Number of protein chains: 2
Amino acid sequence: MGAGRSGGRPTISDVAALAGVSVSAVSKVVNNKGGIAEPTRRRVLEAVDKLQWSPSAAAVALRGARTRAIGMVSRRPPDLLTSDPHFTVLISGIERELAPVDYGLLLHIVGGQDDAERRAYRRLAEERRVDGVILTESLVRDTRFDLLRGLGLPAVLIGTPWREDPVPAVRAPHQERGVTEAVEHLAALGHRRAAYVLGPEDRVHTGFRRRVFEEAARRHGLSPVLLPVPDFTAEAAASATEESLSLADRPTAILYANDMMAIAGINAARRRGLEVPRDLSVVGHDDLPLGALVQPRLTTVGQDLVGLGRAAALRLVAELGGTAAEVPAIAPPGLVVRESTAAPGT
Amino acid sequence: MGAGRSGGRPTISDVAALAGVSVSAVSKVVNNKGGIAEPTRRRVLEAVDKLQWSPSAAAVALRGARTRAIGMVSRRPPDLLTSDPHFTVLISGIERELAPVDYGLLLHIVGGQDDAERRAYRRLAEERRVDGVILTESLVRDTRFDLLRGLGLPAVLIGTPWREDPVPAVRAPHQERGVTEAVEHLAALGHRRAAYVLGPEDRVHTGFRRRVFEEAARRHGLSPVLLPVPDFTAEAAASATEESLSLADRPTAILYANDMMAIAGINAARRRGLEVPRDLSVVGHDDLPLGALVQPRLTTVGQDLVGLGRAAALRLVAELGGTAAEVPAIAPPGLVVRESTAAPGT
DNA sequence: TTGAAAGCGCTAACAT
DNA sequence: ATGTTAGCGCTTTCAA
């Protein structure tokens, strides 16, 4: 007895009562545990259906099972989410894989402080809100891996870890290809001096791209100018652009860490009376749809962000379920040539 | 006794044991329930600290308390998240208020089908994963209100509900101001024929803007052309633009439902050999940072999306806590004049 | 094949 | 001021 207290949502015992079986029978049926006669099974399923019941996530989680949610913590200031769609695109990819397997995504966007981020992970773990987390923006000397291991929270990193082995990571094959192609493209157009407005130096990929850039530049007789900026804002891109354009020996081409920054760069160049691509070639990063809409249409290093997100989600879910990950191929980065690059001084 | 089973995370009884008090004492301390002597309080807090303990969200939720998470379900196809930052900006605003009060945001992005969305809300409620939800994109004959009421899930709508009273809603004051100002601006420039590429017709705001537009146009002797599109994609904007530009009596100005669409429209106009703003004036919607970076810089109807997100979050949290909402003012929409509008035929 | 019962970690009556 | 205890809704032995 004892079911159906009017107010609340139905519980497993309401279902059991309606089906005329015990709660454990219901549990077995809904969890496919077997050992239940077919007619009983039917009755239970009918009751479940009639009552529109589904197990309380809290109770299931408390019982030690999974929460069926994965977490993501982003440290960028909320406003930046807006101007840098990078993160958002990753999320689309992640959700695309999470939704079909009924996992939720718990998002935490914390303010600038490093500490807030660590606290967020700590809470996620200690309060057992999520089964695992997806990490983005791999940092040099990233302390999150140790933290997460200490917390016993499974994680998957999108990107290249700063050193071997910390957590499973997903990344595109042939990482170097995009930047290399960009340099080759510029060299072939006749450029001899190219700048790279890099992201913040604490990012692993900043260092990686820098090395790839320098090496490719050397191979192709291009002299590289490196301009790391403190953050991914349009403002930072604009001032790095100004700076490089006021160099005595100014570059005839500039690469940017992402497309929005590239667009900001084009804008900054214009304010100095320079026309793109006539006076300056510009290459972005990420290949967001936007790039094809602006004038001039943006030449950019395409990245399979959606693929990375999907792969990370799949990898983590597999990890949690103890199954092997069936991760779809991630496209390697590659140059998408449009209109913002041309021969210098044309 | 009975505490500290080596493996797992510490529980409230570990804390109680370490502090030499009962579990209820610990509970009272951490929940500020009073009735605890100061020295005891200290000891408990010390134990909490030493053990790095925090209450299990699952247990708290099961106990009937709050989950401290709010949900959001978006029905747009994942890819669109990318090109339409609208949703993302809202999320920044929401997170900005959620983070300080330690609420999480559980995001569900479901594919196109209407049914998937309803199922998502249903699960959120039945599994008691969230305490409430924030609804965006108010629809005509929106069925979500009834669903949510049936589920007993508190909700706050961002926008104008299609009829009175379904759920608390937050919206900017002087809704009509933005579009009205845009029309006045165009009329003052000498335009006599303006088009409006509206969002899908099932959106409440589409109808609202349409009426405001028509009315303002009438007042100012502008003949309006209305072009609803099936979705917010760049492609839809481009083809609506083409269509309107091939009209015998083609408009000299076009408003768009959002900035990305406006940029796509500018692009479409260019492909027809038209220059903006010389041959066509363009006005966007939302005033995303991007608008100031493109060429020509976009004239647009600014919306306080971050403010809307913040207000919605605050409102919902207040609703859940039973406290009165101390909602910050939301800025009314207003025209931001930049370079994509000019006198026709100039 | 089915059911009874013991918790999971916590809060809130209700003692003391 | 502090402790005891009964569940919250579920899963899972263990018995029947």
Side-chain angles (χ1 to χ4, degrees), chain A residues 1-5 7-44 47-48 51-68 123 125-129 131, chain B residues 1-5 7-44 47-48 51-68 123 125-129 131:
Chain A
M1 260 291 91
R5 278 194 8 279
R9 236 164 290 293
T11 76
I12 194 173
S13 22
D14 297 322
V15 176
L18 181 59
V21 298
S22 72
V23 292
S24 60
V26 177
S27 176
K28 278 165 193 151
V29 169
V30 298
N31 293 302
N32 290 315
K33 290 290 186 208
I36 296 289
E38 188 52 27
T40 317
R41 224 181 80 82
R42 299 191 84 74
R43 288 217 314 289
V44 169
V48 165
L51 259 30
Q52 293 259 46
W53 173 81
S54 49
S56 145
V60 173
L62 181 55
R63 222 13 269 249
R66 310 256 91 108
T67 61
R68 287 201 97 73
R123 294 185 61 103
E126 286 171 357
E127 300 178 358
R128 292 181 171 290
R129 282 189 177 279
D131 297 334
Chain B
M1 256 289 92
R5 276 189 15 274
R9 235 164 291 292
T11 76
I12 194 174
S13 19
D14 296 323
V15 176
L18 180 59
V21 298
S22 72
V23 291
S24 62
V26 177
S27 176
K28 279 168 195 151
V29 169
V30 298
N31 294 302
N32 290 314
K33 291 289 186 206
I36 296 289
E38 188 52 26
T40 317
R41 224 181 79 83
R42 298 192 85 72
R43 287 217 314 289
V44 169
V48 165
L51 259 29
Q52 292 260 44
W53 174 82
S54 49
S56 145
V60 172
L62 181 55
R63 198 55 215 12
R66 310 257 89 110
T67 61
R68 287 202 97 73
R123 295 184 62 102
E126 286 171 357
E127 300 179 358
R128 291 185 172 289
R129 283 190 175 279
D131 297 333

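Values in this document were obtained by computation on a predicted structure and should not be read as measured data. Any value given below was found using the heavy atoms of this structure, including those in side chains, with hydrogens, waters and symmetry copies removed. Note on naming: letters A, B, ... go to the chains in the order of the sequence lines (proteins, then strands), and numbering restarts at 1 for each one.
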For this session: I would like to know whether A:Trp53 and A:Ile12 meet side-chain contact (heavy atoms from CB on, under 4.5 Å); could you show each step before the answer?
Result: CA-CA 8 Å; A:Trp53 173 81; A:Ile12 194 173; 3.8 Å; yes

For this session: Without swapping roles, check the side chain of A:Ser13 against the backbone of A:Ala16 for a donor-acceptor pair under 3.5 Å.
Result: no

Seminar exercise, completed: Here the distance between atom C1' of C:dG9 and atom CZ of A:Arg129, to the nearest Å, is 14 Å

Exercise. In whole angstrom, what separates B:Arg63's CZ from D:dG7's P?
Worked result: 10 Å

Exercise. Do A:Arg128 and B:Arg9 come close enough that some side-chain heavy atom pair is under 4.5 Å?
Worked result: yes

For this session: Would you please name every residue forming a side chain to side chain contact (heavy atoms under 4.5 Å, CB included) with A:Leu18, sequence neighbours left out?
Result: A:Ala47, A:Lys50, A:Leu51

For this session: Could you tell me whether a side-chain N or O of B:Asp131 sits under 3.5 Å from a main-chain N or O of B:Arg68, the two making a donor and an acceptor?
Result: yes

Exercise. Within this structure, what is the CG-to-P distance between B:Leu62 and D:dG9, rounded to whole angstrom?
Worked result: 7 Å

For this session: Please state how far atom CZ in A:Arg128 lies from atom P in C:dC10, giving the value in whole angstrom units.
Result: 10 Å

Exercise. To the nearest angstrom, how far is A:Glu126 atom CD from C:dC10 atom P?
Worked result: 11 Å

Check: protein-nucleotides 2-5 of chain D nitrogen or oxygen pairs below 3.5 Å:
residue	atom	partner	partner atom	Å
D:dT2	OP1	B:Thr40	OG1	2.7
D:dT2	OP2	B:Ala37	N	2.6
D:dT2	OP2	B:Thr40	OG1	3.0
D:dG3	OP2	B:Ser22	N	2.8
D:dG3	OP2	B:Ser22	OG	3.3
D:dG3	N7	B:Ser24	OG	3.0
D:dG3	O6	B:Lys28	NZ	2.9
D:dT4	O4	B:Ser24	OG	3.1

Donor-acceptor list for residues 34-44 of chain B side chains, cut-off 3.5 Å, not counting sequence neighbours:
residue	atom	partner	partner atom	Å
B:Glu38	OE1	B:Arg41	NE	3.3
B:Arg43	NE	B:Ala19	O	3.1
B:Arg43	NH2	B:Ala19	O	3.2

Exercise. Within less than 4.0 Å of OP1 or OP2 of C:dG9, is there a side-chain N or O belonging to B:Thr11?
Worked result: no

For this session: Mind grabbing the angle between the end helix axes of the helix from C:dT1-D:dA16 to C:dT16-D:dA1? Five pairs an end, 10° rounding.
Result: 40°

Exercise. Under the side chain to side chain donor-acceptor pair (under 3.5 Å) test, which residues partner B:Ser27, sequence neighbours left out?
Worked result: B:Asn31

For this session: State whether B:Ser56 places a side-chain N or O below 4.0 Å from either non-bridging phosphate oxygen (OP1 or OP2) of C:dG9.
Result: no

Exercise. Between D:dT11 atom P and A:Arg68 atom CZ, what is the distance in whole Å?
Worked result: 12 Å

Problem set entry | Atom-to-atom span, CD1 of B:Ile12 to C1' of C:dT11 - whole angstrom | 8 Å

Problem set entry | Set of residues satisfying salt bridge (charged side-chain N to carboxylate O under 4.0 Å, His left out) with respect to B:Glu127, sequence neighbours excluded | B:Arg123, B:Arg129

For this session: Can you tell me the distance, in whole Å, between the CZ atom of A:Arg9 and the C1' atom of D:dG9?
Result: 13 Å

Problem set entry | Check against side-chain contact (heavy atoms from CB on, under 4.5 Å), A:Val29 and A:Val26 | CA-CA 5 Å; A:Val29 169; A:Val26 177; 5.8 Å; no

